[in-house]
Structures are given as C-alpha cells and as structure tokens.
Amino acid sequence: MKRRNLLAGAAIGLGLSLTSGAAMAQGLDHVKACFIYVGPIGDGGWTYQHHQGALALKEEFGDKVDIAWQESVPEGADAERAITQFALDGCNIIFTTSFGFMDATQAVAAQFPDIKFEHATGFKRDQPNVSTYDARFYEGRAVMGTIAGHMTKSNKIGYIGSYPIPEVIQGINASYIHAKKVNPDATMTVVWAYTWFDPAKEADAAKALIDQGIDVILQHTDSTAPLAEAAKVEGVIGFGQASDMSAYKPAPRVSAIIDNWSPYYIKRVGALLDGSYAQSAAWEGIAGGEVEIGEITEAVPAEVKAAAEKLRDDIAAGTYHPFTGPLNKQDGSEWLADGVVADDAALATMDFYVEGITGDIPK
C-alpha cells in the first residue's frame with residue numbers, strides 16, 4: 001500500500017458525528033449488507049473483529065438483513081473489482097474495512113449512486129453516498145503503553161508497525177508517551193512490517209525485537225504471530241491487537257486493545273431500515289464502546305492494573321486526553337504547550353514521532 005498524505009482540511013470532519021444530505025425519505029424492508037475484508041476472517045485480529053460485527057448485525061435484525069463478505073482482498077485494483085462485484089450483486093450497503101480500500105471505494109461509489117458505501121479508517125467522502133468510520137485506537141494504545149512502561153525490566157519496548165500512516169503513528173506515539181510517563185528510562189524501537197496480516201513477517205519482526213533485548217512488544221498488525229514468538233522467550237510479554245487473542249492468556253498476552261464494530265454496523269444498517277440514514281463521519285473511542293480494553297491478567301501487578309484501569313476510565317469520562325501537552329516533536333520543537341490538547345485535524349494528519357523515539361518514519 002502506498003503512503004497517502006492526509007489533508008488537514010479533509011480530516012477536520014473526522015469524529016464530529018456530522019451528517020450531510022437529507023436522510024432517506026423511506027426505510028427499506030430488507031437490507032443486504034456486504035463486507036470487503038483485507039485479511040481472512042480467522043486472522044484472530046482486525047478482520048476477525050469486523051466479521052464479528054457483521055455476525056452481530058445479522059443476529060440483531062434476523063430476516064430483515066442478509067450479509068455477505070469477501071476475505072483477503074488485496075488493496076489496490078483487486079479491491080475495486082471486488083467492490084464492484086458486490087454492487088452488481090444487489091448489496092444495499094458495502095463496508096470496506098481497510099485504509100487501503102479508500103480510493104477503490106470512491107471510484108465504485110461514483111458508479112453506483114444508489115448504493116451506500118462505508119469506508120473504515122479513511123477520510124475521503126467525495127461522493128454523497130460514501131461515509132467514513134474509524135475508532136480512536138490511540139486511546140487504547142495509551143493504556144497498553146502504561147502497562148508496558150511498568151512491566152518492562154529491560155526498559156526496552158518494541159512496536160511492530162504495519163504501514164506509516166497517521167492511524168499507526170498515533171498508536172506508536174500514544175504508547176511511548178504513556179510508557180515514558182510511568183518509566184522515564186523506557187525506550188521504544190519501531191519495526192515496520194509493511195503488511196496488515198502476514199504471520200511470517202510479523203514473527204520475523206518480533207524475533208528481531210526480542211534479539212535486541214526487548215521484553216515488551218506492541219503491534220499494529222493483525223495476527224497472533226508476535227505473541228507466539230513472545231511465548232517462546234521467558235519474560236517477554238505482549239498485547240492482543242484488534243481482538244482479545246485470549247489463547248495467549250495470562251502471558252505473554254497480558255491485556256488487549258479490542259475493536260468492537262458491532263454497535264456501528266447495527267446503527268448504520270438500522271438507519272437504512274428506518275429511513276434515517278445520511279452520510280456521516282464517525283470517530284468513536286473508549287467512551288463510545290468501539291475501543292475496549294481486554295482483561296488485564298494476573299501476570300500484571302495489582303497496582304499496575306489499577307493505574308491502567310484509571311487511565312481507561314479517565315479517557316472514557318473525557319477528563320483526560322492521551323495527547324495533552326507539554327509534548328515536543330522528535331526534533332525537539334514544541335508541538336503542544338502545557339495543557340493544550342491535540343485537535344482531531346492534527347491527529348488525523350500525524351506524520352512525526354514525539355520526542356524520545358529514535359529512528360525515522362519511512363516515506
């Protein structure tokens with residue numbers, strides 16, 4: 001997937017629950033909802049959680065809704081073909097569930113104005129029948145970073161990145177900031193896997209980090225391979241990504257950031273059924289229930305668990321934001337003054353590391 005630079009103006013609409021265009025005058029009696037997945041539904045992570053949302057949608061509405069899906073669709077030309085086929089197959093609404101499907105979604109939506117398209121984690125809504133939805137994953141990363149900072153014995157934390165896009169960079173920075181808050185000696189090493197789901201590459205990335213003496217691994221890739229590698233080395237821990245990855249409890253998996261898409265899918269298809277559907281941009285987090293913190297296991301000391309849960313609860317209550325100044329950029333220049341909170345446009349265009357993280361972000 002090629003790097004795409006987000007435009008601040010396009011990003012401002014994220015998370016504002018805005019709608020444009022008139023709502024449907026009349027609801028549908030029946031909806032066919034279709035899903036394009038970047039990985040297999042058995043990946044145990046990102047795609048698995050989206051599919052759980054699709055199944056919850058079917059359970060919610062029963063005979064009023066049919067679902068269909070296609071797994072392991074590559075980002076690029078293949079995505080446009082797959083989306084087009086769903087449009088021709090009579091889907092009323094098509095959910096495209098990876099950032100790299102953004103341009104393909106726009107292209108197909110322009111050809112089928114009567115079909116609704118929903119793109120996950122993107123920002124383009126050039127067509128009136130395209131909506132976008134995202135989750136504030138960085139909130140969960142802040143909680144994981146707090147646990148990581150407390151739990152590392154080597155003071156070396158590793159992060160497996162997928163692609164250098166703002167969503168992933170937000171997670172790296174949020175994890176590091178909060179590890180550093182509780183452990184000033186903590187360092188972070190980032191390895192880029194250039195994949196969302198490739199167990200072999202993810203395993204190699206985890207091995208490379210462990211070989212450097214890193215004993216806590218975070219990831220923004222979708223398989224359980226990093227946890228499997230951590231399980232081979234005593235004292236190395238990690239976290240579930242996108243789903244709970246409970247098979248690795250109580251260690252090396254000591255907690256997880258869980259994406260819960262069910263409420264969004266039910267809400268949007270419900271709006272098609274009752275006639276209230278309108279174009280929107282959604283960006284929910286812990287408070288909205290789309291980002292959940294998985295069980296913190298007994299491998300984590302009680303006081304660390306309490307600190308992580310307090311941070312989770314403060315974020316949910318809106319009394320704390322993970323990107324609150326004072327914070328500097330990697331080069332030492334000021335980013336946020338004391339007490340200043342990053343706005344959504346700044347987060348949605350994030351293309352830099354915060355001060356203290358070494359290494360470069362690939363261009």
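Every value quoted in this text rests on a predicted model; they were computed, and no experiment measured them. Nothing fancy with the numbering, it's 1 onward along the sequence.
- Side-chain atoms of Glu71 and Thr47 include no donor-acceptor pair closer than 3.5 Å.
- Looking only at atom types and distance, the side chain of Ser154 has a donor-acceptor partner in the side chain of Asp215 under 3.5 Å away.
- Heavy atoms only, all atoms of each residue included: Ala135 and Trp261 are closest at CB-CH2, 3.9 Å.
- Distance alone, capped at 3.5 Å, is enough to place a donor-acceptor pair between the Gln106 side chain and the Asp126 backbone.
- Considering only heavy atoms from C-beta on, Thr189 stays 4.5 Å or farther from Ile157 through its side chain.
- Without hydrogens or angle criteria, Glu139 side chain to Ile286 main chain gives a donor-acceptor distance under 3.5 Å.
- Between Gln49 and Thr97, every side-chain heavy-atom pair lies at or beyond the 4.5 Å cut-off.
- Under the 4.5 Å side-chain heavy-atom criterion for grouping Ile, Leu, Val, Met, Phe, Trp and Tyr, Tyr248 is not connected to Tyr159 through any hydrophobic cluster.
- Put simply, the side chain of Ser175 does not reach to within 4.5 Å of the side chain of Tyr138, judged on heavy atoms.
- Two residues are said to be in side-chain contact when any heavy atoms from C-beta on lie closer than 4.5 Å; Ser98 and Glu75 meet this criterion.
- A side-chain donor from one of Glu292 and Asn260 sits under 3.5 Å from a side-chain acceptor of the other.
- Transitive grouping of hydrophobic side chains (ILVMFWY, heavy atoms separated by less than 4.5 Å) keeps Leu209 and Ile172 in distinct clusters.
- Checking side-chain atoms of Ser162 against main-chain N and O of Thr195 turns up no donor-acceptor pair under 3.5 Å.
- Other residues, nucleotides and ligands contribute over 12 non-hydrogen atoms within 6.0 Å of the CG atom of Asp331.
- Between Trp46 and Phe137, a ring centre-to-centre spacing shorter than 6.0 Å is recorded.
- Partners of Glu202 according to the side-chain hydrogen bond (donor to acceptor under 3.5 Å, both in side chains) rule, which considers only residues two or more places apart in sequence or in another chain, are Thr221, Ser223.
- Annotation: the span from Gln219 atom CD to Ile257 atom CD1 amounts to 11.0 Å, rounded to 0.5 Å.
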Does Lys156 form a salt bridge (Lys or Arg N to Asp or Glu O under 4.0 Å) with Asp185? I'd like the steps, not just the answer.
CA-CA 9 Å; Lys156 296 179 179 180; Asp185 295 325; over 6 Å; no
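- More than 12 heavy atoms of other residues, nucleotides or ligands sit less than 6.0 Å from atom CD of Glu60.
- Using a cutoff of 4.0 Å between basic side-chain nitrogens and carboxylate oxygens, Lys32 and Asp89 are not scored as salt-bridged.
- At a threshold of 4.5 Å between non-hydrogen side-chain atoms, the residues His220 and Trp192 do not count as touching.
- His150 meets the ring-ring contact (aromatic ring centres under 6.0 Å, His included) test with no other residue; sequence neighbours excluded.
- For Lys181, the NZ atom is loosely surrounded, since the number of other residues' heavy atoms within 6.0 Å does not exceed 12.
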Run the numbers on Asp259 and Glu290 for side chain to side chain contact (heavy atoms under 4.5 Å, CB included), then give the verdict.
CA-CA 6 Å; Asp259 309 340; Glu290 287 188 4; over 6 Å; no
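- If you take CG on Asp222 and CG on Asp198, they are separated by 11.0 Å, rounding to the nearest 0.5 Å.
- Crowding of Asp29 atom CG: a count of heavy atoms from other residues, nucleotides or ligands under 6.0 Å not exceeding 12.
- Within the 3.5 Å criterion, the main-chain N or O of Gly149 finds no donor-acceptor partner in the side chain of Thr152.
- At least one side-chain heavy atom of Ile169 sits under 4.5 Å from a side-chain heavy atom of Ile361.
- Taking a 6.0 Å sphere around OH of Tyr264, one finds it holds more than 12 heavy atoms contributed by other residues, nucleotides or ligands.
- Using a distance-only test at 3.5 Å, with no hydrogens or angles considered, a donor-acceptor pair links the side chain of Asp43 to the main chain of Tyr48.
- For the pair Asn92/Lys116, no side-chain contact is recorded, criterion being any heavy-atom separation below 4.5 Å from C-beta on.
- Considering His119, Lys124, Arg125 as possible partners of Thr132, the one that fulfils the side-chain hydrogen bond (donor to acceptor under 3.5 Å, both in side chains) test is Arg125.
- The two residues Gly294 and Ser255 have their closest heavy-atom pair at O-OG, 2.9 Å.
- Separating the CD atom in Gln85 from the CD1 atom in Ile94 is a distance of 10.0 Å, to the nearest 0.5 Å.
- Under the 4.5 Å side-chain heavy-atom criterion for grouping Ile, Leu, Val, Met, Phe, Trp and Tyr, Ile115 is connected to Ile93 within one hydrophobic cluster.
- More than 12 heavy atoms of other residues, nucleotides or ligands shown are found within 6.0 angstrom of CD on Glu303.
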Under the side chain to side chain contact (heavy atoms under 4.5 Å, CB included) criterion, do Ile83 and Thr105 qualify, and how do the steps go?
CA-CA 7 Å; Ile83 299 167; Thr105 301; 3.9 Å; yes
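- With respect to Trp196, the ring pair (Phe, Tyr, Trp, His ring centres under 6.0 Å) criterion is satisfied by exactly one of Tyr37, Phe99, Tyr163: Tyr163.
- Tyr265 pairs by the ring-ring contact (aromatic ring centres under 6.0 Å, His included) definition with Phe35, Phe95, Tyr133, not counting sequence neighbours.
- Under the 4.5 Å side-chain contact rule for hydrophobic residues, Tyr176 and Tyr320 share a cluster.
- Rounded to the nearest 0.5 angstrom, Glu59 CD and Ile67 CD1 are separated by 11.0 Å.
- Closest approach of Val73 and Ala79 over heavy atoms only: CG1-CA, 3.6 Å.
- Salt bridge status for Glu284 with Arg136: absent, with no side-chain N to carboxylate O gap under 4.0 Å.
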Let me have the donor-acceptor pairs involving side chains of residues 308-318, under 3.5 Å, with sequence neighbours excluded, atom names and distances please.
{"from": "Lys310", "atom 1": "NZ", "to": "Asp314", "atom 2": "OD2", "distance (Å)": "2.7"}

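- If you take OG1 on Thr96 and CE on Met102, they are separated by 10.0 Å, rounding to the nearest 0.5 Å.
- Residue Pro164 comes nearest to Tyr194 through the heavy atom pair CD-CE2, 4.0 Å, listed as atom of the first residue, atom of the second, then distance.
- Under a cut-off of 6.0 angstrom, the local environment of NZ in Lys58 is crowded, with over 12 non-hydrogen atoms contributed by other residues, nucleotides or ligands.
- Residues Asn173 and Leu327 are not in side-chain contact: their nearest non-hydrogen atoms beyond the backbone lie 4.5 Å or more apart.
- In this structure, Asp360 contributes its side chain and Pro362 its backbone to no donor-acceptor pair below 3.5 Å.
- Here Asp204 pairs with nothing under the side-chain hydrogen bond (donor to acceptor under 3.5 Å, both in side chains) rule; sequence neighbours left out.
- Under the 3.5 Å distance criterion, the side-chain polar atoms of Lys329 are left unmatched by any main-chain donor or acceptor of Ser333.
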Ignoring hydrogens and angles, write down the donor-acceptor pairs under 3.5 Å from the side chains of residues 239-246, residues two or more places apart or on other chains.
{"from": "Gln241", "atom 1": "OE1", "to": "Arg141", "atom 2": "NH1", "distance (Å)": "3.0"}
{"from": "Gln241", "atom 1": "OE1", "to": "Arg141", "atom 2": "NH2", "distance (Å)": "2.9"}
{"from": "Ser243", "atom 1": "OG", "to": "Gly44", "atom 2": "O", "distance (Å)": "2.1"}
{"from": "Asp244", "atom 1": "OD1", "to": "Arg253", "atom 2": "NH2", "distance (Å)": "2.8"}
{"from": "Asp244", "atom 1": "OD2", "to": "Lys249", "atom 2": "NZ", "distance (Å)": "3.2"}

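- Ile357 and Phe323 fall within the same hydrophobic cluster, where Ile, Leu, Val, Met, Phe, Trp and Tyr residues are linked whenever their side-chain heavy atoms come under 4.5 Å apart, directly or through other members.
- Residue Ile41 holds its CD1 atom at 13.5 Å from NE2 of His50, rounded to the nearest 0.5 Å.
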